[in-house]
Number of protein chains: 2
Amino acid sequence: MARPKTHTAEVAERLMECALEAVARDGIGSLPLRSIAERAETSTTAVYALFGNKEGMQRAVLTRAFGEFADDQELIEVTDDPVTDIAGLGAHYVQWAIDHPRLYEAMYGEALAGLTPSEELSEARLRAVARISDAVQRALDSGAFRPADHATVVVSLWAQVHGLATLMMAGHLPDGADPALAAWATIEGWFADARR
Amino acid sequence: MARPKTHTAEVAERLMECALEAVARDGIGSLPLRSIAERAETSTTAVYALFGNKEGMQRAVLTRAFGEFADDQELIEVTDDPVTDIAGLGAHYVQWAIDHPRLYEAMYGEALAGLTPSEELSEARLRAVARISDAVQRALDSGAFRPADHATVVVSLWAQVHGLATLMMAGHLPDGADPALAAWATIEGWFADARR
DNA sequence: GTTGTTATATAACAACGTTATGGATGGAGC
DNA sequence: GCTCCATCCATAACGTTGTTATATAACAAC
């Protein structure tokens, strides 16, 4: 009894791809709806029909970005040495951020202060650090790490890689600094015995 | 032989105060020149005469913010125990970020990816971590920290506090996590002897 | 076909950063 | 003291942004 929809999920996917590309290139701040819609061969109305508004589209882009980031983390094989796993996950974490600076910037920079997160966005965020969280739990269970609160250890390691990634992207890394060694020190800080 | 200037340094200061206030409240992204100029009782032209353009004004705001941040770091008294100093500086670092979330966000978030830094901005940035850098040097000299590259240790500790601050601001801190303990682990990671 | 309802593209609107414009200003020259 | 006129700056205009209103288009029911 009405006109059939043409703003389908397929159009949403096209829009999403164009938007993700634009954000990865120019950052989350500059995302002109007109050019995005034009590139996706539709009109700006589609954005409002499918994502609500610009902020909704930004949220969707960030959710997608977190998903791809989590996929990358999950490429790391799980071994029976949680400490090695943590080191590998950390290195991968930083590398992804370096490879996708604008995306990572948007994920952990402006996103927090600016737009209010949706349910899916929060979930996607959790998945991004799930592997590290798991590895820390195994390190604690195996006795490789001294007894400590799981959340505290996770935050310590997460802050380390997140901070390293951000500083490196910003060009703040002083000459001669070794990020891998820097991260390793934080891991060692949790060792049960002083093995160095 | 010409009309005297009214776009004086005093006007620049008024503009700066209004802009800093606006950025601290709404973030670096939303800084409407018209309303800033109106609040400073001048016109938008003054912004272009005194700061070049909006980006110049943003740079100036960030430089000022870094200055205030560095002032705060320098409030911490220097003792003869560098490790205690580092812990205190780190706690102060995180606290300032929590107290000025939009400012810190602007300083280390968008600023890097977006606008190109000026000379003064780069200097102001360096001053912000000068105290931590000094304390690390003393910790290395005194033998409290095991022999390591100064820049690497600085980056490790800096990344830790920066990461903690960012994650806390973003509400990413898991329940039960103790940021002070988390930071302390990174410090311990550099201890010469396993004193815990 | 006509009508009713929904969907969409287009055009209009307000706000933004930036640039042009034209009036205002006050010492220099007489 | 009067006229320049180089200089400065508030105002208005321009292009682009996100968003909303409007009018057209497309189908189902009668």
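Below, read A as the first sequence line, B as the second, and so on, with proteins coming before strands; counting in each chain starts at 1. Bear in mind that the values here come from a model prediction, so they are computed numbers and not experimental data.
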Check: residues 32-47 of chain B side-chain donor-acceptor pairs under 3.5 Å, at least two apart:
unit_1	atom_1	unit_2	atom_2	d
B/S35	OG	B/P32	O	3.1
B/S43	OG	B/T45	N	3.4
B/S43	OG	B/T45	OG1	3.4

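Remark: B/R59 pairs with B/E55 by the salt bridge (charged side-chain N to carboxylate O under 4.0 Å, His left out) rule, at least two apart or across chains. Remark: A/D72 engages no residue in a salt bridge (charged side-chain N to carboxylate O under 4.0 Å, His left out) (not counting sequence neighbours). Evaluation of the salt bridge (charged side-chain N to carboxylate O under 4.0 Å, His left out) rule for A/E13 yields A/R64 as partners, not counting sequence neighbours. Taking the salt bridge (charged side-chain N to carboxylate O under 4.0 Å, His left out) definition, one finds that B/E74 meets it with B/R127, sequence neighbours left out. Listed by chain and number, the residues in a ring pair (Phe, Tyr, Trp, His ring centres under 6.0 Å) with A/F69 are A/Y93, A/W96 (sequence neighbours excluded). Judged as a side chain to side chain contact (heavy atoms under 4.5 Å, CB included), and not counting sequence neighbours, A/L126 has no contacts.
Taking the six-membered ring for Trp and the full ring otherwise, A/Y104 and A/F66 have centroids separated by 6.0 Å or more.
Rounding to whole angstrom units, CD of residue B/E41 and P of D/dA10 are separated by 12 Å. Remark: P of D/dT19 and CG of A/L50 are 15 Å apart, rounded to the nearest angstrom. In this structure, B/I36 atom CD1 and C/dC16 atom P are separated by 10 Å, rounded to whole Å.
In the helix from C/dG1-D/dC30 to C/dC30-D/dG1, the end axes, each obtained as the rotation axis mapping the C1' atoms of four pairs onto the next four within a five-pair block, lie 30° apart to the nearest 10 degrees.
For the residue pair A/T186 / B/T186, a side-chain donor-acceptor distance below 3.5 Å is found, with atom types taken as modelled.
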Under 3.5 Å between N/O atoms: give me all the protein pairs with nucleotides 20-24 of chain D, atom names plus distance.
none

Using a cutoff of under 3.5 Å, can you pull out all pairs of nitrogen or oxygen atoms linking the protein to nucleotides 13-17 of chain D, with atom names and distances?
unit_1	atom_1	unit_2	atom_2	d
D/dA13	N6	B/R34	NH2	3.4

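Salt-bridge formation is not detected for the pair A/E120/A/R125: no Lys NZ or Arg NE/NH1/NH2 atom is positioned less than 4.0 Å from an Asp or Glu carboxylate oxygen.
Annotation: proximity of residues 14-23 of chain B to DNA chain D (heavy atom, distance under 4.0 Å) is found for no residue.
Using a distance-only test at 3.5 Å, with no hydrogens or angles considered, a donor-acceptor pair links the side chain of A/T166 to the main chain of A/H162. Judged purely by atom type and a 3.5 angstrom limit, B/T152 uses its side chain to pair as donor or acceptor with the backbone of A/D178.
Within the structure, salt bridge (Lys or Arg N to Asp or Glu O under 4.0 Å) pairs that include any residue of residues 135-144 of chain A comprise A/D85-A/R138 (at least two apart or interchain).
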